[in-house]
Amino acid sequence: MRRSMSLAAALATAAGALALFSPSAQAADAAAPSVPPTSAAGTAATGPTCWFGACFDYVYGRQHTDTAGASIRMEVADPQVNPAQTGEHSLQELSLQDTAQQSTVEVGWTVDPELNGDRQPHLFVYHWVDGQTSCYNGCGFVPVSKTITAGMPLQAGRKADFAIRNIDGDWWILYNHTKVGYFPGSLWNGTYQRAQVVTAFGEVAENETDSPSCTDMGNGRPGSDQHASSIGDFRLYAAADKPQLTVTASSPQYYGYGKVKRNSFRLGGPGTGAC
């Protein structure tokens with residue numbers, strides 16, 4: 001997210017999130033990704049989360065547990081991102097965090113013209129250490145595949161498997177069951193080896209002056225549409241619990257969900273309509 005954040009170590013309240021993402025942390029990488037703030041199951045939608053000139057809308061499935069990894073299967077889409085605005089993007093991802101939501105590993109696809117230089121979906125990875133930003137597709141990430149690389153363009157309209165697993169203390173990223181690379185456990189001084197908050201979600205980053213936005217989430221179809229984007233086959237590895245997602249939408253009038261099951265849901269929407 002341009003002058004925004006996309007998978008951030010969000011706190012339980014918006015105030016907590018603002019405290020965590022200080023201006024100095026923002027300056028470290030204005031393109032950082034963000035996780036939707038925590039909300040209790042069944043609470044009313046609260047609208048987009050806004051700070052430092054950017055707003056974020058989410059549709060997310062979340063589980064609090066204790067696990068060594070997770071995976072999902074989701075559609076890769078090519079949502080329209082408002083061409084009249086800078087700093088907007090649309091993505092879907094899987095994130096794993098510690099209890100305090102300050103240590104994070106994430107993988108997904110993003111349509112982000114400023115980050116990638118085009119309007120195609122691209123594979124991305126990201127991480128946070130003690131609530132501090134890093135950078136997309138680098139900053140300690142160790143690539144191991146010559147054919148599947150962080151940042152590469154993906155073909156829209158196909159489903160793909162995304163996974164994050166802790167193997168021997170390192171956080172490995174897998175795409176379609178192939179190891180892409182890993183974030184060494186040493187980045188966290190060996191203190192982050194299991195995750196307690198697992199989130200699979202769609203996100204739209206909007207300029208604060210363009211919120212709500214016409215940027216699509218997913219393939220642009222509402223989550224209630226049978227042809228909407230989907231996140232499914234949610235799995236946990238060496239976990240304390242069975243998969244059980246709780247799904248929430250921050251602004252359901254613009255981006256919603258449908259067909260919710262314990263390990264899958266549909267999501268998306270056109271925002272305010274065609275740009």
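The model shown is predicted, which means the values in this text are computed figures rather than measured ones. The basis for the numbers below is simple: all heavy atoms, side chains too, and nothing from hydrogens, waters or symmetry mates.
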Holding to salt bridge (Lys or Arg N to Asp or Glu O under 4.0 Å), I want the full list of residues that pass it with [X], two or more places apart in sequence or in another chain.
X: Asp225; result: Arg221
X: Asp66; result: Arg194
X: Arg262; result: none
X: Asp241; result: none

Any side-chain heavy-atom pair of [X] and [Y] under 4.5 Å:
X: Gln92; Y: Phe201; answer: no
X: Arg158; Y: Val76; answer: no
X: Asn137; Y: His122; answer: no
X: Val180; Y: Phe141; answer: yes
X: Asp130; Y: Ser103; answer: yes
X: Trp171; Y: Asn166; answer: yes

Can you list everything that forms a side chain to side chain donor-acceptor pair (under 3.5 Å) with [X]? Sequence neighbours excluded, please.
X: Asp170; result: none
X: Asp78; result: none
X: Asn176; result: none
X: Arg73; result: Asp161

Sequence neighbours excluded - side chain to side chain donor-acceptor pair (under 3.5 Å) pairs with any residue from residues 264-275
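Every candidate side chain to side chain donor-acceptor pair (under 3.5 Å) pair involving residues 264-275 fails, so no pair, neighbours aside, qualifies.
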
Measuring from atom OG of Ser230 to atom CD1 of Ile72, what distance do you get when rounded to the nearest 0.5 angstrom?
9.5 Å

Could you name each residue pair satisfying ring pair (Phe, Tyr, Trp, His ring centres under 6.0 Å) that touches residues 205-224, not counting sequence neighbours?
none

Among pairs that include at least one residue of residues 148-167, which meet ring pair (Phe, Tyr, Trp, His ring centres under 6.0 Å), considering only residues two or more places apart or in two chains?
Phe162-Tyr175

By the definition side chain to side chain contact (heavy atoms under 4.5 Å, CB included), identify the one residue from Thr49, Thr199, Val204, Leu267 that meets it with Tyr58.
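It is Thr49; the other options fail the test.
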
Can you list, by chain and residue number, the hydrophobic cluster partners of Trp172 when the side-chain cut-off is 4.5 Å?
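Reading the cluster by chain and number, Trp172 sits alongside Val142, Val144, Ile167, Leu174, Tyr182.
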
